[in-house]
Protein chains: 2
Amino acid sequence: MITSRDVARLAGVSQPTVSRALRDDPKVSEATKKRVRDAAVALGYSTSPIGRALAVGRSTRVGLVVTDLENQFYGHVIAPMHRELERLGYELVLITESSESGPVTEHVMGHGLCGVVLATTTVDSLLPARLRDRGVPFVYFNRTAQSVQADSVTVDPEAGIRELLREVIGSGHRRIGAIFGPRNTSTGEQRENTVRSVLDEHGLALAHRDVLHGPFDFATGFGGARTLLDREDPPTLVLCGNDVVALGALNSAAEMGVAVPAEVSIVGFDDLPTSGWALIRLSTVAYDLDEMSREAARLIVARVEEPDARPRHTIYPSRYVARATTSSPRA
Amino acid sequence: MITSRDVARLAGVSQPTVSRALRDDPKVSEATKKRVRDAAVALGYSTSPIGRALAVGRSTRVGLVVTDLENQFYGHVIAPMHRELERLGYELVLITESSESGPVTEHVMGHGLCGVVLATTTVDSLLPARLRDRGVPFVYFNRTAQSVQADSVTVDPEAGIRELLREVIGSGHRRIGAIFGPRNTSTGEQRENTVRSVLDEHGLALAHRDVLHGPFDFATGFGGARTLLDREDPPTLVLCGNDVVALGALNSAAEMGVAVPAEVSIVGFDDLPTSGWALIRLSTVAYDLDEMSREAARLIVARVEEPDARPRHTIYPSRYVARATTSSPRA
DNA sequence: CTTTCGACTGTATACGTATGCATTCGATGC
DNA sequence: GCATCGAATGCATACGTATACAGTCGAAAG
């Protein structure tokens, strides 16, 4: 291992001067900086993040806590978040929240991480409280937990859902089913509440038996659609908690031989790239997930660098994107 | 920040004893261990990975170098690899190889990382040589570079491609087109060579104009299919470098109104979960990507813990999975 | 010519943990 | 009852970098 001391020796200066020169400290003369830089290049030296982290008291590693890495949704979160963090000089470390007492606590608590983005918070999670108690900065992404305050990046589903319901109700749908997300997530709950209240404005309501709940994954949509569409009198429209659920439902319908949208309309939420494919053409509620992911990166970095700034909550608008999985109900 | 010294004070022992007790060193008495553990819990202490890494001389962080995080292929790599690494007590850090001189070098070189998995190596990449020169352990995943030896995890495409070609040629295809991956990747090259040599055994060859190349992404397949299918006399079968390319081709065909497989058959390579969807049903060459990803995790950890072990090369077999995007060519 | 100041660089030390070595203490053997 | 040994623990220090502080040196001001 090549250390700053080796560089110092070669450049004929002291170790601290190397440290300063390489971080472009104005107190070091240009001539010395050049000598040091040349020596560093000659030896192939680069500063040890570990030593640096120990000395500075914090690292430049941000943890992203998710439950389900297979879920394609998170691929579209990770990529832009990672790029933005890198741009800001930070690294992204993945953490799966397998259990409350699991590695999250261990990895997050010892200050291996300077901050955390929570992307799969449930409203009853203990993690936010733990992080707060230990003074680890964190940001809610997409989902929040009311119990503990923190910066957040979320979507306001109202505009999208309102527009969506206006359109499908206008085109004649009355019997509406839903496969919502888990009740213990803020997103699941918020989307459900919004749907119910907007339906109410239209003088409609969801029949209890037409409402299902489950994790935001393919299997939920796949199984849910089977349940709903196997009925004697299935709903003419199925609202899904998100796009991945809708993709499950769509494929379930295809497998059952139920024509979409002729026999049933299906709607998602997220507008993932897959949803726009010619073979899919999913009608859905869209928002800027890329920008959201980058904003989460910016917020956590800002919080890390200025822990006492006032809380920031960025909320992104949503809109309805009508594609080919919705139409008037069959007569 | 709570340190081992705080725990030591509370437990009435010295700091080194805390260090030993918590790592279950047999030289510490059970009674002391208990006192230390209790104190640690009481204070909510967990050992600092940073301090530990500095003292031990290496971290427990493995870097995964990829170029294109949006690509769903990598989602299916990251998830199992991450789980396996976590099981082994290591962490996964994502690194995008934006440029040869970019952050890869910086992050990898200073011993922030104890090892690296290269998932998007090109045959002409300088990174393997650099890693070797600095003594950073690494493993090739999926792709290799001949110039520098290292452990590797790869797929042998031959069985799958052989079976695939036997079947489609048997069903009558003669005019075969291809959208291969980049020539400067071992996987792209190997799959192409295998296809050509097996075709040769059948007395067939690819027409020069029916062969395209491009990055392993959706756009390559989308654009490539458009090029091939816009012809007066398009191929009756299009072989794609991987599934993501095939999905692009499939959607391109759908958008052009070209029926699959009635007018053109399309085949991929990877068998991603998406390929099995009822709405997709892509015929493809399958192998155990999950297991491969875990094996890469195991190999890099083994290499890190025993740098001088003899090189290991794990090769996974492939097989053809016929689904709904292939049939006899139209008469 | 002396003083003062500022620009630059070096010295000493801190960060949190791990480990070789020294030390203590009680038990065992003679 | 003394020597010996081993188990248990403490002491000192190392890891690589960053930073407060002290020091040096030359130039400018008096």
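First the proteins, then the strands, lettered A, B, ... as listed; each starts at 1. Treat the numbers as computed from the prediction; the structure is a model and nothing was measured.
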Ion pair present between A:E305 and A:R58, side-chain N to carboxylate O less than 4.0 angstrom? no
Residue A:M1, side-chain heavy atoms: nucleotide from D:dG16, D:dT19, C:dG16 that is nearest: D:dG16
Respond yes when some side-chain nitrogen or oxygen of A:S19 is under 4.0 Å from OP1 or OP2 of D:dA18, and no when none is. yes
Side chain of B:R20 only, heavy atoms from C-beta on: which candidate in D:dT17, C:dG20, C:dT11 is closest? C:dG20
If you only use heavy atoms from C-beta on, which nucleotide in D:dG16, D:dA18, C:dT17 is closest to the side chain of B:A55? C:dT17
So do the side chains of B:E86 and B:E91 get within less than 4.5 Å of each other, counting heavy atoms only? no
So, is A:T17 near the phosphate of C:dT9, with a side-chain N or O under 4.0 Å from OP1 or OP2? no
For B:Y45 and for A:K33, locate the closest nucleotide of DNA chain C by heavy-atom distance; then report the residue assigned to the nucleotide nearer the 5' terminus. A:K33
Counting the atoms with a prime plus P, OP1 and OP2 as sugar-phosphate, which does A:S14 contact under 4.0 Å by heavy atoms, base, sugar-phosphate, or nothing? base
Counting the atoms with a prime plus P, OP1 and OP2 as sugar-phosphate, which does A:R23 contact under 4.0 Å by heavy atoms, base, sugar-phosphate, or nothing? sugar-phosphate
What's A:V28 touching, base or sugar-phosphate or nothing? Going by heavy atoms closer than 4.0 Å. sugar-phosphate
Taking D:dG10, D:dT19, D:dC15 as options, the one with an atom nearest any side-chain atom of B:V13 is D:dG10
Option passing salt bridge (Lys or Arg N to Asp or Glu O under 4.0 Å) with A:D151 (candidates A:R298, A:R303, A:R310): A:R303
